[in-house]
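Keep in mind the model is a prediction, meaning the values are calculated, not measured. Numbering of ligands and ligand atoms starts at 1, following listing order.
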Amino acid sequence: MLLRSMLFIPGDSEKKLAKADEITADALILDLEDSVAAARKDAGRALTAEFLKSHAPSARKSKLFVRINPLESDAPMRDLAAIMAGAPDGIVLPKATGPAAVQSIAQQLEEHEHRVGLKPATVIVAISGETATGVLSAAAYAKGVSSRLAGLSWGPWDLAADLGAAGNTDETGAFDFTYKLAQSLTLLAAKAAGVQAIDTPHTDFKDEKKLLAACKDIRRQGWNGKLAIHPAQIAVIHEGFKPSAEEVAHAQQVIKAFETPESGVASLNGIMLDLPHLKQAQRTMDLHKAGQ
Ligand code: COA
Ligand code: MG
């Protein structure tokens, strides 16, 4: 499942949900957590359930995810009870404390799928880097995690709140070291688990230039996608994750160089190529095809 762009839509906002059909993101995240006030949770569950039901899986332009509430209360159980009959493609688990929390949601998904007659296919994107415990659990993902896990993300604002920090950036506007560490550990945990690394949203949604530069930069580093908060960010994210014409031409040449390999190595313009180069070229072509 390609998850370059995942757009949050507050799950209790009739107005914003009504915009969803005009938006083509890789995924929409109908939010029942932080963008929905406590008094609006039930209204959010009802609206989100109705939205899913009126968008059957076969007719969806974007995959539909639901961000449930964190595991610390009974709220996520109530979320799942309300929405699973609508067959969401995936669940976003916020403030995930580690692989055990992912496993716990995986088990609950299985029960709900059985209850409503769905195949066991709902995937999970966990936001692991938004609490101190979640950040420190990164290494545990290398030991194995539920096969439902499709991606990991992080959140510098919740992390700051968890740390009791008054801010998370320095005087130049760059993230403090702790947040850069959380971001790197999320990337490493995702890759160790064999899932997609999805970067935190760019909250200054009017600054498209910065967003484009950030997407190009994180793609170079191995990230697979970025969360979004505003519909205008989707096209920018897709552009930022698009390989350049030169990269595509190079990838095609690398793949060609391996078409009749006598060994695991090949050469191109006097440069040695081995398996990592081939994998990288295949990834470039996958992204290129997705962006067409
Ligand atoms: N999903 C769907 N529609 C959205 C949207 C979203 N995430 N964000 C904005 N829109 C709609 C607006 O309702 C508006 O519609 P209109 O033209 O009919 O009035 C249009 O797109 C333009 O929006 P704009 O005026 O530029 O922004 P805004 O001030 O209305 O909203 C936010 C700004 C940040 C409040 C809004 O983008 C938002 O709610 N984002 C999601 C927040 C969220 O879920 N956060 C949790 C995860 S961090
Ligand atoms: Mg949050």
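Side-chain contact, Thr172 with Asp170: a donor N or O sits under 3.5 Å from an acceptor N or O. Asp286 and Gln282 share no donor-acceptor pair across their side chains, judged by distance under 3.5 Å alone.
The presence of a protein heavy atom under 4.0 Å from atom 16 (P) of ligand 1 is confirmed. Protein non-hydrogen atoms do reach within 4.0 Å of atom 19 (O) of ligand 1. Shown here, atom 13 (O) of ligand 1 is in close reach of the protein: a heavy atom of it lies under 4.0 Å off. Using a 4.0 Å threshold on non-hydrogen atoms, atom 39 (O) of ligand 1 counts as touching the protein.
Given atom 1 (N) of ligand 1, the protein heavy atom at minimum distance is Ile9 CG1, 3.5 Å. Of the protein's non-hydrogen atoms, Lys19 CD, 3.9 Å is the one closest to atom 11 (C) of ligand 1.
Under the 3.5 Å distance criterion, the side-chain polar atoms of Ser137 are left unmatched by any main-chain donor or acceptor of Ala140. Although no hydrogens or angles enter the test, the distance criterion places a donor-acceptor pair under 3.5 Å between the side chain of Thr200 and the main chain of Trp154. The backbone N or O of Leu32 lies less than 3.5 Å from a partner atom in the side chain of Asn69, making a donor-acceptor pair.
Between Lys15 and ligand 1, at least one N/O pair is under 3.5 Å apart. Polar contact check, Ile229 against ligand 1: a nitrogen or oxygen pair lies under 3.5 Å apart. Polar contact with ligand 1: absent for Lys206 (N/O pair, distance under 3.5 Å). For Phe8, a nitrogen or oxygen atom sits less than 3.5 Å from a nitrogen or oxygen atom of ligand 1, counting backbone and side chain alike.
The existence of a salt bridge linking Lys210 and Asp204 is excluded, since no basic side-chain nitrogen approaches an acidic carboxylate oxygen closer than 4.0 Å. In this structure, Glu239 pairs ionically with Lys242, as a charged nitrogen and a carboxylate oxygen lie closer than 4.0 Å. Taking the charged nitrogens against the carboxylate oxygens, Asp79 and Arg45 do have a contact shorter than 4.0 Å, which makes a salt bridge.
Closest heavy-atom contact between Pro88 and Thr122: O-CG2, 3.6 Å. The heavy-atom pair separating Ser267 from Ala257 by the smallest distance is O-CB, 4.3 Å.
Using a 4.5 Å cut-off on side-chain heavy atoms (C-beta onward), Ile124 and Leu109 make contact.
Within ligand 1, counting atoms from 1 as listed, the ones closer than 4.0 Å to a heavy atom of Ser35 are 43 (C), 44 (O), 45 (N), 46 (C). Of all atoms in ligand 1, listed by their number and element, those nearer than 4.0 Å to a heavy atom of Asp31 are 46 (C). Near Arg67, the atoms of ligand 1 lying under 4.0 angstrom from a non-hydrogen atom of the residue are 46 (C), 47 (C).
Exactly one of Arg67, Lys41, Arg40 qualifies for a salt bridge (charged side-chain N to carboxylate O under 4.0 Å, His left out) with Glu33. That residue is Arg67.
The number of heavy-atom neighbours closer than 6.0 Å to CG of Leu275, taken from other residues, nucleotides and ligands shown, is above 12. The 12-atom threshold is exceeded at NZ of Lys61, counting heavy atoms of other residues, nucleotides or ligands nearer than 6.0 Å.
When Glu33, His230, Lys16 are ranked by how near their heavy atoms come to atom 2 (C) of ligand 1, first place goes to Lys16. Relative to atom 5 (C) of ligand 1, the option among Pro231, Ala18, Ala228, Pro10 with the closest non-hydrogen atom is Pro231.
Of all protein atoms, those of element N, O or S that lie under 2.8 Å from the Mg ion (ligand 2) number 2.
Distances shorter than 4.0 angstrom occur between a heavy atom of Phe205 and an atom of ligand 1.
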